[in-house]
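Reading through the structure tokens given below for one structure.
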Amino acid sequence: MRREQRLRRRKDFAAAYRQGKTQGNRLLVVRVRPNGGETTRFGFVAGKVVGGAVTRNLVKRRLRAAARALATKPGLDIVVGARKVAAVAEYRALERALAVLLKRAGVLADDGPAVPPEGPPGKEHH
RNA sequence: CCAGCGGGCCGGGUGGCCGCCCCCGGCGACGGGGGAGGAAAGUCCGAACUCCACAGGGCAGGGUGCCGGCUAACGGCCGGGCGCUGCGAAGCGACGGAAAGUGCCACAGAAACAUACCGCCCGCCUCGGCGGGUAAGGGCGAAAUGGUGCGGUAAGAGCGCACCGGCGUCGUGGGGACACGGCGGCCGGGCAAACCCCACCCGGAGCAAGGCCAUAUAGGGGACCGCGUCCGCAAGGACUCAGGACGGCCCGUCCGAGCGUCCCGGGUUGGCCGCUCGAGCUGCGGGGCGACUCGCAGCCCAGAUAGAUGGCCACCGCCCGCAAGGGUACAGAAUUCGGCUUACAGGCCCGCUGGCACU
RNA sequence: CGGGGUGUAGCUCAGCCAGGCUAGAGUGCACGGUUCGGGACCGUGAGGUCGGCAGUUCAAAUCUGCCCACCCCGA
């Protein structure tokens, strides 16, 4: 996932936490917020409860791969937070959980317009 | 073969699909190269680097602590000495000073640093005490006046002698810690990880250092102290010292009535540089017991910033399990090095010690 | 990157600097008393690897070193 497609500013994370719509299950917590741009950006959060630096990085890498495999609508900021059990979950479980939550938020590319994007329904990235 | 000691090293492999970061080339599509560790960890020491401060001296504070060496430096390493443990290979050691001073040593015990409770011996007497001597014995205690033996004595005692231990002194060896020997002679505790003394070392901060650019209710708003005296026409000088600087304090020095101090707001948390070629790595040769060092040749080996170095699958290896199957250590660079400490499945290599058996 | 603090009974804390004393206090818990019963009150009692491992010392909750967990502050 390219740098432009990731959330990199503290302000962006703070805005998603403050204004975003939240979906969650045992493994993950997802917050979605329109960013007014044309590209959808992801941010991944794995706090201390997940484990040490090695497992936190592993979880974030897996989530990044899972997010890349799913097609989303453009113009969104999506923050994916990992819960404690995500540390021992397999990749398949993480990917399925992320797909379910994004579907529930209505931001997958083949969903109806649940969150109205600001820009035109843009092309696929990746 | 069994048990053990020391040192060094590895710590998954191959392939496929899809990706990420950096560098180089190219207008571009794209092509080429590189991309986590032995601890990257804890942040316990030492340095490099950067900014600030710096006439000098003293005090305070912190650290180190057998000797010699290595090193840029170190609280690290190497070699040696001494002590303790182990049959041994080896291991461990905050290992200067208690005749500089102060302090503490609970309880028990007569007494804890100055002492006679019981006992023993001598003397006296109104037969149970009094006076004196005595640290061999008993008892208390973590610790009680060096240990064993012989002599000696009223009983005893380094009182004398021998050996051992310690202390002092002289000599010899050694670069030194120290060792060995002679002589003297018995000289009385412990704790300095209690204060302390001695020797040596130490400016302060840290890459959010520091610099450039952009942005801004921005050369913003508010509160407070003070703007003295004398000489001189003036420049200036002196006094008084309010104040400020010199890491903390003092001496001292400098600045000096400045434009100071404090609070709010803003920025530092935007971008770029610093940022990876370095006390560098590999090989060969020389010096040294060794830590290490010198010379030559070759090599370029992560630079991210919500933070790249990967995700998934297959086969193999290893471990658990009858099997299905499951697991595959500790752990993720953040300015960079040198160490220390801590964590770690499994495995490999080298040297050595003890024991058993056989030749 | 740097600095500081805390860890003691189920809970909240003393004791640590200046080592020795039965490791205490409040609350909670159990039992008994009081009451018709409960609360309050009175009495009795149980409950502690003093965060862990080493070391110094005759002796460590206390001193020293290393490690673990948590909290706070500054740049």
Side-chain angles (χ1 to χ4, degrees):
Chain A
M1 179 166 296
R2 299 185 57 79
R3 193 175 285 159
E4 301 78 46
Q5 298 166 351
R6 299 195 307 261
L7 286 183
R8 303 181 64 215
R9 294 285 159 241
R10 182 173 185 82
K11 286 175 184 170
D12 297 332
F13 279 85
Y17 271 75
R18 201 167 47 246
Q19 307 166 3
K21 296 211 161 197
T22 304
Q23 304 287 337
N25 61 13
R26 295 182 57 248
L27 292 173
L28 304 173
V29 177
V30 172
R31 294 163 215 274
V32 181
R33 168 183 171 271
N35 61 15
E38 296 202 355
T39 56
T40 288
R41 301 183 300 176
F42 278 91
F44 302 95
V45 178
K48 241 180 186 175
V49 291
V50 176
V54 173
T55 57
R56 294 213 309 271
N57 284 339
L58 176 65
V59 167
K60 286 165 79 172
R61 286 194 304 259
R62 280 174 168 167
L63 289 175
R64 207 174 297 134
R68 204 168 58 86
L70 297 168
T72 56
K73 296 180 176 174
L76 300 170
D77 279 355
I78 301 173
V79 173
V80 182
R83 295 187 142 161
K84 190 171 182 178
V85 288
V88 292
E90 293 186 346
Y91 171 73
R92 291 286 179 207
L94 289 177
E95 185 183 292
R96 203 176 312 119
L98 183 62
V100 165
L101 293 177
L102 291 182
K103 174 100 177 167
R104 200 188 297 165
V107 297
L108 289 182
D110 52 352
D111 287 339
V115 177
E118 297 289 311
K123 42 190 247 10
E124 290 298 313
H125 45 286
H126 65 262

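So that the names make sense, note that chain A is the first sequence line, chain B the second, and so on, each numbered from 1. No hydrogens, no waters, no symmetry mates; every other heavy atom, side chains included, goes into these values.
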*Where the side chain of A:Arg61 is concerned, which of B:C312, B:A308, B:G311 is the nearest nucleotide?*
B:G311
What nitrogen or oxygen pairs link the protein and nucleotides 13-18 of chain B at under 3.5 Å?
from, atom 1, to, atom 2, distance (Å)
B:C18, O2', A:Arg68, NH1, 3.1
B:C18, O2', A:Arg68, NH2, 3.0

_What does the 5'-to-3' dot-bracket notation of RNA chain C look like when only Watson-Crick and G-U wobble pairs under 3.5 Å count, and pairs to other strands show as |?_
(((((((..((((......[...)))).(((((.......))))).....(((((..]....)))))))))))).
*asked:* Going by the rule side chain to side chain donor-acceptor pair (under 3.5 Å), which residues pair with A:Tyr91 if we only count those two or more places apart in sequence or in a different chain?
replied: A:Glu95
*Scan every strand shown for a Watson-Crick or G-U wobble partner of B:G247, both distances under 3.5 Å, and answer none if you come up empty.*
none
*asked:* With a cut-off of less than 4.0 Å, is there a side-chain N or O of A:Arg64 near OP1 or OP2 of B:A308?
replied: yes
*Restricting to pairs with a member in residues 42-63 of chain A, which pass side-chain hydrogen bond (donor to acceptor under 3.5 Å, both in side chains), not counting sequence neighbours?*
none
*Any strand is fair game: report the nucleotide pairing with B:C187 by Watson-Crick or G-U wobble, both distances under 3.5 Å, or none.*
none
_Pairing check on B:C296: which nucleotide meets the Watson-Crick or G-U wobble criteria with it, both distances under 3.5 Å?_
B:G283
Contacts table for residues 25-32 of chain A: side-chain donor-acceptor under 3.5 angstrom, sequence neighbours left out:
from, atom 1, to, atom 2, distance (Å)
A:Asn25, OD1, A:Leu27, N, 3.1
A:Asn25, OD1, A:Leu28, N, 3.0

*Rounding to the closest angstrom, what is the interatomic distance between B:A36 and B:G339 at atom P?*
22 Å
*Contact class for A:Arg62 (heavy atom, under 4.0 Å): base, sugar-phosphate, or nothing?*
sugar-phosphate
*Of the candidate nucleotides B:U309, B:C312, B:A306, which contains the atom at the shortest distance from the side chain of A:Phe13?*
B:A306
_Quick check on contacts: within residues 51-60 of chain A, what sits under 4.0 Å from RNA chain B by heavy-atom distance?_
A:Ala53, A:Val54, A:Asn57, A:Leu58
*Can you tell me the Watson-Crick or wobble partner of B:C212, both distances under 3.5 angstrom?*
B:G271
*Within-4.5 Å side-chain heavy-atom neighbours: A:Phe44 and A:Val79*: no
